[in-house]
Amino acid sequence: MKKLLLILTGLCLSAMVNNAFAKDVPFAIAIHGGAGTIEKNRFTPEKEKAYRAKLKEAVEAGYTVLDQGGNSLDAVTTAIKILENSPFFNAGKGAVYTYNETHEMDASIMYGKNRQAGAVAGVKHIENPINLARLVMEESVHVMLSGEGAEEFAKTQGVELVDNKIFDTEHRYKSLQRAKFKMEKAKQQNKDYQAAHNALEVEYKVGTVGAVALDKNGNISSGTSTGGMTSKRFGRIGDSPVIGAGTFADNRSCAVSATGHGEYFIRYNVAADICARVQYQGKSIEQAGKEVIHDVLMPVGGTGGVIIIDTKGNISLPFNTKGMYRASKSSNQATYVGIFKDD
Ligand code: ASP
């Protein structure tokens, strides 16, 4: 009897210790649904409510994965899939149109524990590009696959190819027509495709989804998925699938997912630069993110934002546009959802 009591006390004590320990282990997630000309006066109350609800749904789904002990890669893919499946955001269903009126999508994912990464670029028939990026990471010997090759690989993994039309939405089509009209006008002033595209305002150039997460084992991950830029030239690949530009994760520094004018994010190696400042200069993610988004990108005209997480569960969400769809939740912070600058 005494022995049994001792065993029971021991078990209780160890459960208590485990519980206390579990409480102290931070875990967290942040997501974005794109940055850009996002101003309050462009929203009806219903529209704003619907966007906020979708962001909340995605961040909380990712958080639940972490809360149940799941790893950060699963949390990131879970949240991104919800955003890809929503027509509100420029990724998966709701992806913008190329100049040729099709959808070409890019996505990537990275694991901070071992710097494994996977990416797909220019895929047209993959319902959830983030899943394929993850398969590239886990089931292929490569980091990035593009176009037809990526889709052939998808077939070998049992991923069904879908009609490009499933990504169609009326609002993106209208946006393409407006962009084309503006580009035609610019061409009449003797501007070539490049100059005409450059003349488009920021609202045609940004909007993407992404997530960063820290799990209970202390591993961080990041992922990004996008339809790219409205009216982009077919074959154009942005920063989102480029490891170091649109996505980066390393347990020694931070995990970042970006949204913005991809050409700048590639040239300024944005995600990796933020993490390098954290790792080599000992800066906080807040400081490093602020420097790159405001002091590096802003002066050269690079618009957009990033979401950043570190292994302590700190989160930072800087952007230099009018707004950024964003949300976060951590073991010590309730759900936060923001759209506008002053949210
Ligand atoms: N960065 C994406 C791209 O250039 C677009 C975006 O984030 O809005 O493809």
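Counting from 1, the numbers follow the sequence of the chain as shown. Counting starts at 1 for both ligands and their atoms, following the listed order. Computed from a prediction, not measured in an experiment: that's the story for all the values here.
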Legend entry - Selected option - heavy-atom contact closest to atom 4 (O) of ligand 1, from His261, Lys232, Arg236: Arg236

Inset, instruction - Please could you name the atoms of ligand 1 that Thr208 approaches to less than 4.0 Å, counting only its heavy atoms? - result: 2 (C), 5 (C), 6 (C), 7 (O), 8 (O)

Legend entry - For Thr259, atoms of ligand 1 separated by under 4.0 Å from a heavy atom: 6 (C), 7 (O), 8 (O)

Inset, instruction - Take every heavy atom of Gly260, measure it against each atom of ligand 1, and state whether any distance is under 4.0 Å. - result: yes

Legend entry - Region of Ser240 engaging ligand 1 - heavy atom pairs below 4.0 Å: side chain

Inset, instruction - Find out whether Tyr97 and Phe167 are in side-chain contact, i.e. whether some heavy atom of one side chain is under 4.5 Å from a heavy atom of the other. - result: no

Inset, instruction - Determine, for Arg267 against Glu263, whether the closest basic-nitrogen to carboxylate-oxygen distance falls under 4.0 angstrom. - result: no

Inset, instruction - Answer with yes or no after comparing the ring centroid distance for His32 and Tyr325 against a 6.0 Å cut-off, counting only values under it. - result: no

Legend entry - Geometric class of the Tyr268/Tyr264 ring pair [parallel <30°, tilted 30-60°, perpendicular >60°]: parallel

Legend entry - ligand 1 atoms in contact with Asp239 (distance to a heavy atom under 4.0 Å): 1 (N), 2 (C), 3 (C), 4 (O)

Legend entry - Residues Lys290, Glu286: salt bridge by 4.0 Å N-O rule: no

Legend entry - Any N or O of Gly262 closer than 3.5 Å to N or O of ligand 1: yes

Legend entry - Val143-Leu135 co-clustered via ILVMFWY side chain contacts under 4.5 Å: no

